[in-house]
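Here the structure is a predicted model, which is why all the values come from computation and not from measurement.
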Amino acid sequence: MSRKHDLEEIRGKDTRELLYDLAEARKDMFNARLHISESMRPSSIGILRRRIARIMTILRQREITEAAQAEGGE
C-alpha cells in the first residue's frame, strides 16, 4: 500500500475507528516482536511502526484542530 493511499484511508476514518486501529497495530507490533525469529519478516516491524506513527499524527492533528476551534468559539 502506498503512503498516500494509507494516509487517505487513515484520514477518512473517524477518531473512534483510529483509536481501535491504533490498539490493533500496537498488538500486532507486540506479536511481531515476539515472533520475529519465526516466519515473520523483520521489515514488517518497520511497516507497523510507520502505521502507528501515521495514526498518532492524524489523531494529534485532530486534537489540535478541535482545541483551536473550541478557543475560537468561546
Side-chain angles (χ1 to χ4, degrees):
M1 184 180 306
S2 72
R3 179 178 175 233
K4 186 175 182 178
H5 180 70
D6 194 31
L7 284 173
E8 289 173 2
E9 177 188 342
I10 291 171
R11 285 193 178 115
K13 294 183 177 185
D14 68 351
T15 302
R16 187 175 284 176
E17 289 175 320
L18 287 179
L19 291 172
Y20 177 78
D21 287 348
L22 181 61
E24 289 298 311
R26 285 181 171 164
K27 286 179 192 176
D28 291 343
M29 173 76 98
F30 178 78
N31 289 329
R33 286 184 174 165
L34 284 179
H35 303 292
I36 194 70
S37 62
E38 294 177 9
S39 63
M40 190 160 251
R41 296 180 318 186
S43 64
S44 64
I45 291 177
I47 293 167
L48 287 169
R49 286 179 59 219
R50 285 187 292 278
R51 179 151 178 87
I52 290 170
R54 286 184 185 120
I55 292 171
M56 291 177 69
T57 299
I58 299 300
L59 287 171
R60 181 65 180 145
Q61 287 174 347
R62 288 182 182 177
E63 184 179 309
I64 290 169
T65 303
E66 290 171 6
Q69 288 174 352
E71 279 185 19
E74 291 180 3

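- Residues passing the salt bridge (Lys or Arg N to Asp or Glu O under 4.0 Å) test with Lys27 are Glu24, sequence neighbours excluded.
- In this structure a side-chain-to-backbone donor-acceptor pair under 3.5 Å is present from Arg62 to Arg11.
- Of all heavy-atom pairs spanning Leu48 and Ala32, the tightest one is CD1-CB, 4.1 Å.
- The distance from the OG1 atom of Thr57 to the CD1 atom of Ile10 is 8.5 Å, given to the nearest 0.5 Å.
- Shown here are the salt bridge (Lys or Arg N to Asp or Glu O under 4.0 Å) partners of Glu17, two or more places apart in sequence or in another chain: there are none.
- Arg60 contributes atom CZ, which lies 10.0 Å from atom OG1 of Thr65 (distance to the nearest 0.5 angstrom).
- When every heavy atom of Ile55 is checked against every heavy atom of Leu18, the shortest pair comes out as CG2-O, 3.7 Å.
- Hydrophobic clustering (side-chain heavy atoms under 4.5 Å, transitive across Ile, Leu, Val, Met, Phe, Trp, Tyr) keeps Ile47 apart from Ile52.
- Under the 4.5 Å side-chain heavy-atom criterion for ILVMFWY residues, a single connected hydrophobic cluster contains both Ile58 and Met56.
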